[in-house]
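Just so we're on the same page: letters track the sequence lines, and every chain starts at 1.
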Amino acid sequence: MWQSRPGVLGWVMTTDHKRIGLLYFWTTLVLFGAGGAEALIIRTQLIQPNQHVVGPSTYDQLFTMHGITMIFFFIIPMTTGAFGNYLLPLMLGARDMAFPRMNALSFWIFLGSGIFIYTSLFLGIAPNAGWFDYVPLANAKFDPGHAIDFYCLGIIFNGISSSLTAANFIVTILKMRAPGMSFNRMPLFCFAFLAASWGLLFALPSLTADTIFLFLDRNVGTHFFDVAKGGSTLLWQHLFWIFGHPEVYILIVPAFGIATEIIPAFTQRRVVAFPLVAVAELLVVFIGFGVWAHHMFATGMPTVTVVFFAAATAVVVIPSTIQVFAWCMTFVTGNARFKTPLLFIAGFIFMFVAGGLTGIMFLAVPFDQQVTDTYFVIAHFHYIIFGAAVFPIFGGMYFWFPKVTGKLYFELPGQISFWLIFLGTNLLFFPMHIVGLEGMPRRNYTYPSGLGWGPENLAETIGSYITTVGIVVLLANLLVSYFRGLPAGPDPWHGATLEWTIPSPPPEYNFAVIPKVSSAYANWDYADREEDRRKLAEGVMVLEQGHEQPVSSPVDGWWAEIVEMPHDSPWPILLAVAMSIVFVLLLLHLWMGFCFALAGILLVLLGWHGEEPQEREA
Amino acid sequence: MLLLLTLAGCGGSQNTLNPHSHPAADIANLFWVMMAVSFGGLALITGLLVFAWVRRGRRGFGADPDDPHPGERPSWFVVVGMGVVFPLMVVIALFVVGNGVIISSTQAPAASSTAMTVDAIGHQWYWAFRYPGTKAVTAGELHIPVRTRVNLVATTADVIHSFWVPELNRKVDTIPGRQNRILLYANTPGVFRGQCAEYCGLQHAHMGMLVIVQSKAQFRTWLAKQSAPAAAPTTALARHGEQIFLDGPCASCHAIRGTSARGFVGPDLTHLASRTTLAGLTIPNRADYLARWIVDSQHFKPGNQMPDFNLSQRQVHALVAYLEGLK
Amino acid sequence: MADYIAGGVPERLVPRTTEARNAGEAKVLAGRRRGPSVAFWGMAMIVASEVTLFGTFIGTYYYLRFNTPHWPPVGTPEPRVVVPLVMVGILATTSLPMQLAARAARRGGLWAARLFLLWALVIQCGYLVYEIHDYVDQLRRSVPQDNAYSSIYYTLLGADHAHVAIGILLVVWLLWKLARGLTMYRLNAVQVVAFYWHAVNLLTLVVIGVLLSATL
Ligand code: HEA
Ligand code: HEA
Ligand code: CUA
Ligand SMILES: [Cu+2]
């Protein structure tokens, strides 16, 4: 079987989904640190009334970059890029992604877009019109300079990466499953990522179109958003939220996936109502496409429209409640072991319900119109984003740490980190409900005293520091465990899915023998695993001629074909570099250079496709 | 400096749970009900998790301990019953009450049926108010008569803002090219604070306003006074101030009715002295603040559209004297 | 194990792409394969995403239209009807040679595939050259900076032309690849590009239809 190339070059040219997953992991962790640092400056500025830690211009850039970073450069790449890349093929019983080089390309583009947009912050001209960047404030007239151009181009650039990842995931899930893994035998984790990828694929184009229009309006002089010339400012909002609402479910669904892996492992019980949960994971994204205007209730849309979107919002609640009760009943009827990963999942359920309930409140339109754009909304979505999308990421870090490193983490510091983060986030975000109801609008760089907002803000800031300490404990724990931890063995938790059948860390080819699958909890099907070991000894189903990988039929998981996968390749990073150049030239309005760079891209593509992976090497 | 700014917050509060009108009260009551139900839901889920913690280490539910799906059937009932049927009922009830009943009580009265219409115009970064049918124009402070259904028309001069006085009603955005309307009504006289709620740039945080609710008679007097042109300066100093104002840069941005100043970038200053605060509730309207504002407005409100001016001490004195006389 | 394999064929008969080194072997293998290739699925995803992007453009077109009393606004010329319709009709015929090329490739017909591709390419290039000429011509009478109508008009039309141009680049690349014989990889590529062209043609039809709807 094949081995990875050693050294730095091995990482730069890698097409191994596990290495790409790790690259994503470290990059997004650094970006999370950046987004967190921005948040901490925000919180320090707001610690008491009339503070002067930063001025309004810096503050505006900070909250905008905080929102953009956390959404586009942390959660999405962390869940899909890091967790999805590393784990999906392992759970599907595959040896690689469907398009390994495209996978590498996604990462390098992502890195390029991250560097691109953070350049603006270091130059002090970061986007400053909020993460949803409403026009006309974002038009050239009210925001001259390059700040919003960074936003437009950075978002488009990043969107290309996410779209490629989504396409790759969908095809991987449909086509690269181990023979025998029909849909009803696929782990819930994979359903979640299928849902998230569909969501990304269909939601991103709307944002791309929107940012293209804005870029044209600002730099070419078109009038998409110019009311005087027949354009519309609400057009921006519609297109943004047609993306934006599905987006928030794209953030949460992978977290559902992680939860549905951790719960069975630590309760030793299959998830209750499997088919309902699987369908709910898909439905939540699907229905999520029809509710976008609930972010625009205060724009004065006709009452019928408003009521329609409120009703749609009411419907989208159902798949979530199904899942919450399925998880809870699995806890109750199983044999729960409250280790750190499960603690994070329990915390996640609590936070998700708390945040979901405030979400439901918004469907009472007059109430939404009262509290929209206040800290009540900030509270809603931090509960649901930090509590419900990030907690499972932390839980997942602990859960799969032994698989990725081959070491066990330390349990006591793990539990301490959970309680610090759990109590810290509640102290951080709960008072935001109150202060929002007391009338504090969001995106205010300072606030007057005398309105009674001081104590809440002080508590929030203290909570943010506690949360930070918890996160640092978590990372330190994992770091120390990496060097000092006890060996973990292949399956420390008696996990349910295929990744626990192979050694830790997994070999380059993942599965020495193509596994047999007859349920969604493959590692608990002892007879099948016995059969795998027998086949390995006999040399059956090993496929050792090069980079081979079985391909299955989309629904039944029948074995349809054996394909040869590409090897390490320099082309993905080269292409990403060429694309970065294109975006920089666009930003600087160097149109001639832009055309040359486009030609360069074509050349790289030609080189890329010069290799034909499916030919057998002579 | 810190202390000075602190004072500016005074005058009115903007607490949604302290309603002073029937729409705001409806919304607040709706919230209390929703909150009670939500705490119930959260307690239920937390209870289930705690229950699992209490019986950790035990497996199955009475039946066969080796069953790979212990309690699957009853769990299905819970998932479908509590996960589909129950929330549907709750959500439908909320929907009917929230949107069927309360929306209409907060909506603006039809223009024809209303006793009174006020225009609120959002500017970066202050609110201008006009009273159609009269010449009155003010900024930052909106006067309305008590127990009168006011049809408030919200528009914008530049970007999107949002008109919001929480203790009187929900908010409404000002969208370029559109006229959004909302009901403004107050049960009692008083001062209610409001604030621009849609992010509109650097000084979004200092785009406050006061709604001053007066008895109907007081309001009529006030409106008559505001409709009149500016009072002529009486002292020599003030006359000098007027001269500076009209010849200097001020008149290019500000209007003072009854003089040649017709600018429309900044607030109308015709009756400046009748206001209690300046620059979107950023500073109190006192001579010392006014003087500092004129030379160094960027200090109080960094990034605001009024530049700093290099004026001599005497010129500032004269300007202040003039502006203080604009009762 | 047999029940896991499509049609119950034995493991050693599962088609293995590495076994196809020339046109003949590729043909045999393609015959044994059931269902579209992985590459095809990948292209289906890209197309889905592009269709959504165009869908958003078209949605924008109608959103702006229903917010504007006169469409196109007074003073902006209406789009011409006959010539674009004829041109798009001609372009649509290229779906036929593209499909034929895919079929020929699947049957190992290397020369037939090349010829069909060439046939398609000639028409496609003719279309694009004319359309670019026409685009530049139209820019003399109105520009995207006129009003929201012309902004979306030129953006939508330009995006569609770019789409056609990408398709042409793909066909050129295919011909270059096929010049050096047929492999499994190239066979997949022909099928995939043919599929892409169907999408391009369909989108062009829709886009032209949408733009012409302004004259109704
Ligand atoms: C991970 C992200 C995420 C998720 C999952 C959600 C989930 C939901 N969101 Fe949230 N939302 C955001 C992220 C998210 N949101 C963000 C980022 C914003 C602000 C953007 C911005 O302005 O910057 C926002 C804003 C936002 C608004 C606009 C507010 C405003 O600006 O005025 C609305 C309005 O309807 C809303 C509603 C909902 C609803 C109904 C759900 C539902 O899906 C929740 C469903 C979950 C549950 C219901 C929990 C389960 C409960 C139980 C099991 C208890 C029993 C239940 C009942 C009795 C009903 N959200
Ligand atoms: C994923 C989404 C996400 C996450 C996780 C967070 C996390 C946090 N958020 Fe944020 N937030 C948003 C998404 C998110 N936020 C969005 C979308 C907005 C709206 C923006 C807008 O209005 O445009 C917003 C707005 C927002 C505001 C409102 C600003 C305003 O309106 O004026 C505030 C204020 O307190 C805030 C605070 C915080 C805090 C304290 C955290 C904390 O929980 C953060 C804690 C994290 C850390 C402290 C990082 C620790 C990490 C490390 C130590 C790693 C280091 C490792 C290496 C370097 C390798 N956020
Ligand atoms: Cu005006 Cu915010
Ligand atoms: Cu939403």
*For Leu605(A), is it the side chain, the backbone, both or neither that has a heavy atom under 4.5 Å from a heavy atom of chain C?*
neither
*Side chain, backbone, both or neither: which part of Pro36(C) has a heavy atom under 4.5 Å from chain A?*
backbone
*Which bit of Pro144(C) comes within less than 4.5 Å of chain A, counting heavy atoms only: side chain, backbone, both or neither?*
both
*Ignoring hydrogens and angles, state whether a donor on the side chain of Thr76(C) or Ser142(C) is under 3.5 Å from an acceptor on the partner side chain.*
no
*Could you go step by step and tell me if Lys535(A) and Glu531(A) meet the salt bridge (charged side-chain N to carboxylate O under 4.0 Å, His left out) rule?*
CA-CA 6 Å; Lys535(A) 279 197 239 155; Glu531(A) 196 180 321; 3.8 Å; yes
_What part of Leu216(A) gets within 4.5 angstrom of chain C, counting heavy atoms only: side chain, backbone, both, or neither?_
side chain
*Considering all heavy atoms of both residues, which atom of Ala148(C) and which atom of Gly231(A) are nearest to each other, and what is their separation?*
CB-N, 3.5 Å
*Which region of Pro550(A), side chain (C-beta onward) or backbone (N, CA, C, O), has a non-hydrogen atom less than 4.5 Å from a non-hydrogen atom of chain C, or is it both or neither?*
neither
*For ring-ring contact (aromatic ring centres under 6.0 Å, His included), just list the numbers for Tyr154(C) and His161(C), CA-CA rounded to whole Å, side-chain angles, deciding distance to a tenth of an Å, and then say yes or no.*
CA-CA 10 Å; Tyr154(C) 284 105; His161(C) 292 344; over 10 Å; no
_Output field: ring centroids Trp71(C)/Tyr61(C) closer than 6.0 Å_ = yes
_Looking at Arg101(A), is its backbone amide N or carbonyl O close enough to the side chain of Thr15(A) to form a donor-acceptor pair, meaning the two atoms are under 3.5 Å apart?_
no
*chain A contact via Trp173(C) - side chain, backbone, both or neither, heavy atoms under 4.5 Å*: side chain
_Heavy-atom proximity to chain A below 4.5 Å, by part of Thr155(C)_ = side chain
*Of Arg33(C), Arg32(C), Arg16(C), which is the lone residue that meets side chain to side chain donor-acceptor pair (under 3.5 Å) with Glu561(A)?*
Arg33(C)
_Is Leu602(A) close to chain C through its backbone or its side chain, or both, or neither, when contacts mean heavy atoms under 4.5 Å?_
side chain
*Non-hydrogen atoms of chain C under 4.5 Å away: do they reach the side chain of Phe99(A), the backbone, both or neither?*
side chain
*Check whether Leu201(A) gets within reach of chain C through its side chain, its backbone, both or neither, counting any heavy atom under 4.5 Å.*
both
*asked:* Taking side chain as everything from C-beta outward and backbone as N, CA, C, O, which of these in Leu235(A) sits under 4.5 Å from a heavy atom of chain C? Side chain, backbone, both or neither.
replied: both
_Under 4.5 Å from a heavy atom of chain C, the part of His238(A) involved_ = side chain
*May I ask you to name which of Ser182(A), Ser553(A), Ser206(A), Ala228(A) has the most heavy-atom pairs under 4.5 Å with chain C?*
Ser206(A)
*Let me know if Leu169(C) has heavy atoms under 4.5 Å from chain A in its side chain, its backbone, both or neither.*
side chain
*Distance flag, aromatic centroids of Phe57(C) and Phe213(A), threshold under 6.0 Å*: yes
_For the student: nearest non-hydrogen atoms of Ala105(C) and Leu182(C), plus distance_ = O-CD2, 3.7 Å
*Going by the angle between their ring planes, with limits at 30° and 60°, are Phe240(A) and Trp236(A) parallel, tilted or perpendicular?*
parallel
*Tell me, for Leu606(A) versus chain C, whether the close heavy atoms (under 4.5 Å) come from the side chain, the backbone, both or neither.*
side chain
